Number of protein chains: 2
Amino acid sequence: MTNTHALPVFRQIVDDLKRQIADGQLTEHAALPSERVIAELHAVSRMTARRALEAVEAEGLAYSKRRQGRFVSPKRLMYDVGSMANFVAGAAAQGIEIEMELLESTTIQASGTLVETLSAAHGTKLYQNTRLIRSKGHSIFVETETVIAERCAALWPGPDNVDLQRQRYSPLGHTAEIVIRMCALEPDPARLLGAMPYQAGIEQEQLSRDESGAPICFSHQIWRGEMAQFSATAIISR
Amino acid sequence: MTNTHALPVFRQIVDDLKRQIADGQLTEHAALPSERVIAELHAVSRMTARRALEAVEAEGLAYSKRRQGRFVSPKRLMYDVGSMANFVAGAAAQGIEIEMELLESTTIQASGTLVETLSAAHGTKLYQNTRLIRSKGHSIFVETETVIAERCAALWPGPDNVDLQRQRYSPLGHTAEIVIRMCALEPDPARLLGAMPYQAGIEQEQLSRDESGAPICFSHQIWRGEMAQFSATAIISR
DNA sequence: TGTGATCTCTGGTATATACCAAGATGAATC
DNA sequence: GATTCATCTTGGTATATACCAGAGATCACA
């Protein structure tokens, strides 16, 4: 297929696929045509079909499962970072069920950048938990949370607690500094999220403080970018 | 070059380039080796070299200029969305100069989704401005701002005002609802930003309200994702 | 019925090749 | 010194081909 001065062929295929998704012909988690099928359908080489599918994926409209196919991404979830730390509660209010899986729970000693971030002395006892958050079986983000043990003994009984997975999402602290940025998904979190390594995602860091301003908890979240949508309310201080 | 069970070849090239950037061998805005040079250097086909460079680009570590080459991306800028609307002031405090270019300034009448968003009657007079924000000649984001004329006559003299470009960045309103999400850059903003169409970026919407809660201004910003970093402070209300 | 081998389909990697259009450059010319 | 023009380089598009490894279905056999 030759082409002069018009839209690139692979771009036309992208538009076709996007239209099908928008139209509802392809619904959430439905399989997209495979590379080979698209190649035949549009009479292009497989590489061109592949470029088109990769573009749709890069836009966050689809995700791929190795050796299985590409599928339509589910809709975005809203996360109100302003009222913070209640992503789960907020999701519940929207009628969205969230599943949390505790991947790892350890007790470590403060070192490296954590010392500065948490204003904790070297060797301070810290609880560290890694969780994978899903909705309807679809991975949304991975969270690694580091808590200063002594500063929240009452609020948080420690890694042995059964209700651990919910605990984090009841308010811990009084204020939180949040940073959000785009990032490339490293292989490890990408695997957990079922995403391609190094595809674009969202990284979020939260540092929670208590009434006195002392850090309690540092949380690092890695989101599938196309799943995330962050809201906040700003107040013009003057 | 054959390869079994190790890292894919193009990934190794990516790591090599990333190392050079991290080491400082390649500094901000320095040209990366071209596709053909990398192909020769690593003894791979041009397509493989290309994949590597595209991957580096997708990670936000480089940007490409058509027919000129690929260059190392500058460092991220921080934007405090919590205190809002003072991105320029914030940047100044960091010693970063920001340039604003007014691309378009029109007076329109409320219609479509703007009617709902701004709670304005159909046909209400609106000022609409599109600006491109740069730092050191490097495009960062495009903003389209829609202001209800009558609700801010005093604060904002209208599109004829000379100081227009600064005006917006002095607090307008008392609160703002902000939404941040990852997106694919549409061809138009991509061109303005000097980015590839459909690469991943950040989309931000701000709805400013006055003391009474009435909407004043709706702002839609499209950021080069690798340039953005958004911070906020959350308060746990309980 | 259950189990294991096989076969098909999938995306992922890699090469070699070809052409295009426009920026950069420098030589020849005015 | 300024202008024109050819050349080289660049990224972008597109094809054809080849192989790999694993998920899923199927089918033969115990």
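Treat the numbers as computed from the prediction; the structure is a model and nothing was measured. Only heavy atoms go into these numbers, but all of them, side chains included; no hydrogens, no water, no symmetry mates. Letters A, B, ... mirror the listed sequences (proteins, then strands); counts begin at 1.
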Checklist line | D16(B) side chain to Q20(B) side chain, donor-acceptor N/O pair below 3.5 angstrom | finding: yes
Checklist line | Within residues 50-68 of chain A: residues closer than 4.0 Å to DNA chain D (heavy atoms) | finding: R51(A), R67(A), Q68(A)
Item checked: Nucleic acid contacts - residues 26-36 of chain B versus DNA chain D, non-hydrogen atoms under 4.0 Å -> S34(B), E35(B), R36(B)
Item checked: Distance-only donor-acceptor test (3.5 Å): side chain R11(B), base dG12(C) -> no
Write down the atom of [X], the atom of [Y], and the distance for their closest heavy-atom approach.
X	Y	answer
A228(A)	R181(B)	O-CB, 3.8 Å
A62(A)	E57(A)	O-CG, 3.4 Å
T117(B)	L207(B)	O-CD2, 3.6 Å
F10(B)	A52(B)	O-CB, 3.5 Å
A190(A)	P197(A)	CB-CA, 3.7 Å

Length of the line joining [X]:[atom1] and [N]:[atom2], which is rounded to integer Å:
X	N	atom1	atom2	result
F10(B)	dG11(C)	CZ	C1'	13 Å
R46(A)	dC9(C)	CZ	C1'	11 Å
L7(A)	dA14(D)	CG	C1'	15 Å
I38(A)	dA14(D)	CD1	C1'	16 Å
Y198(B)	dG12(D)	OH	P	15 Å
M47(B)	dT15(D)	CE	P	11 Å

Note to self: Let me confirm one number: the CZ-CD1 distance from F230(B) to I202(A), rounded to the nearest 0.5 Å.
What the structure shows: 8.5 Å
Notebook entry, point to check: Partners of R51(B) by salt bridge (Lys or Arg N to Asp or Glu O under 4.0 Å), sequence neighbours excluded?
Noted result: none
Margin query: ring pair (Phe, Tyr, Trp, His ring centres under 6.0 Å), that's the test. Do Y63(B) and H29(B) meet it? Break it down for me.
Written below: CA-CA 9 Å; Y63(B) 60 97; H29(B) 301 292; 5.8 Å; yes
Next item on the list: Establish, with yes or no, whether the OP1 or OP2 oxygen of dA14(D) is under 4.0 angstrom from a side-chain nitrogen or oxygen of S45(A).
Entry: no
Next item on the list: Under 4.0 Å between any heavy atoms, over every strand shown, what does R70(B) touch: base, sugar-phosphate, or nothing? Just pick one.
Entry: sugar-phosphate
